[in-house]
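Every chain is numbered from 1, with letters handed out A, B, ... down the list of sequences. Given the structure is predicted, the values throughout are model-derived calculations rather than measurements.
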Number of protein chains: 2
Amino acid sequence: MQMLKEAILQKGRAINQDVLLVDSFLNHQVDVRLMREVGETFARRFQEGAFTRVVTIESSGIAPAAFTALALGLPLVVMKKQTSKIMTGDLLETTVRSFTKGTQYQLTVKREFLGEGDRVLLIDDFLASGEAAFGVLNLASQAGATVGGIGIVIEKAFQPGRKRLEDAGMDVYSLARVKSMTKDHIEFVDD
Amino acid sequence: MQMLKEAILQKGRAINQDVLLVDSFLNHQVDVRLMREVGETFARRFQEGAFTRVVTIESSGIAPAAFTALALGLPLVVMKKQTSKIMTGDLLETTVRSFTKGTQYQLTVKREFLGEGDRVLLIDDFLASGEAAFGVLNLASQAGATVGGIGIVIEKAFQPGRKRLEDAGMDVYSLARVKSMTKDHIEFVDD
């Protein structure tokens, strides 16, 4: 997606060869017009997928996923990174480990918002090792739902996430695939 | 806002006289069409306010705030509840206490996303005691910015938040003002 790649080149900043700072337009300050374009681009790519729900993980995926859900006319379900005190009812839960950060968190969703026969389109801001996406696959599986597509805003193509998800049969579509980066240069796949 | 009140009556659930569960359309599963209406309603109410930024607090405020920012043609800034490891640069920070929950968290924003002369429209999902809003006022003040309006999706009108904010000179606009609630009945102000 050209508009997104230009935003990454103009406003993104590679802190090192692994961390890409895009907090001026994606995950702290948010360019909502760009996010609407992102959502509509995902919707065009996945419109024939017979999805019943758009799912994302709080909180950076919410803006692009909300515009995707609106364009597809579907409800959005935001998976939570921990159990809220006021989340009552039957919860599905899995542990997501971040190998790069050395951290882990509980990913949760209420069973009533993800059910038998649901076909999920997962939208997330980043794909690196794929651990978060596998967490969503796990919760969908617990619910009797299937993940029919994964839309990623920025893929770190030098990380193993895409290969692992494709090996699991997933249809992964990324709007910008970063092949490599240094402080001076960000290179995309297919440039 | 009629459509919102109907959603609260049909899908909301008062767990007790203080906790209103709206996670089937607002903060877990999200009705994005309703959120677009919410955003456009805030935009109409605040369109003459000469705002430069829409601000919200992660994560339940993001969807309504994104649609508000889009309708007003403004950037959205999402204040964070804790410092991310990859948030670098000059951070503004304040402590927000939740009296009802007995918890507290650090609210942070990068100084580069809130500056001298900025005029902020704060959008949030709930208003109860007003502590979160006062946290945003504090960060805006540190940045040399002003908060020129506060748009709330659901106000617990039986809590002191509105009075405290109005006493501080704030223009508070809520789309649904809950006067009282029990397990069987939710009553709005002005019904």
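- Using a 4.5 Å cut-off between heavy atoms, A/L74 touches chain B through its backbone atoms (N, CA, C, O) alone.
- Note: B/K81 NZ to A/S59 OG = 9.5 Å, rounded to the nearest 0.5 Å.
- Pairs engaging residues 141-154 of chain B under the side-chain hydrogen bond (donor to acceptor under 3.5 Å, both in side chains) rule: B/N138-B/Q142 [sequence neighbours left out].
- Per-residue counts of heavy-atom pairs under 4.5 Å with chain B were compared for A/I62, A/V55, A/L70; the largest is that of A/L70.
- Atom NZ in B/K80 sits 8.0 Å away from atom CG in A/D23 (nearest 0.5 Å).
- Within the structure, ring-ring contact (aromatic ring centres under 6.0 Å, His included) pairs that include any residue of residues 53-82 of chain A comprise A/F67-B/F67 (at least two apart or interchain).
- Heavy-atom neighbours of A/E6 CD from other residues, nucleotides or ligands within 6.0 Å: above the threshold of 12.
- Put simply, of B/S24, B/A63, B/A65, the one with the most heavy-atom pairs under 4.5 Å next to chain A is B/S24.
- Within the 3.5 Å criterion, the main-chain N or O of B/K110 finds a donor-acceptor partner in the side chain of A/H28.
- Side chains of B/V77 and A/V30 form no contact here, defined as non-hydrogen atoms less than 4.5 Å apart.
- At a heavy-atom separation below 4.5 angstrom, chain A is approached by B/V32, B/R33, B/R36 within residues 31-49 of chain B.
- Few gaps surround CD on B/E166; more than 12 heavy atoms of other groups in view lie less than 6.0 Å from it.
- Here salt bridge (charged side-chain N to carboxylate O under 4.0 Å, His left out) pairs that include residues 115-128 of chain B, with residues two or more places apart or in two chains, are B/R53-B/D118.
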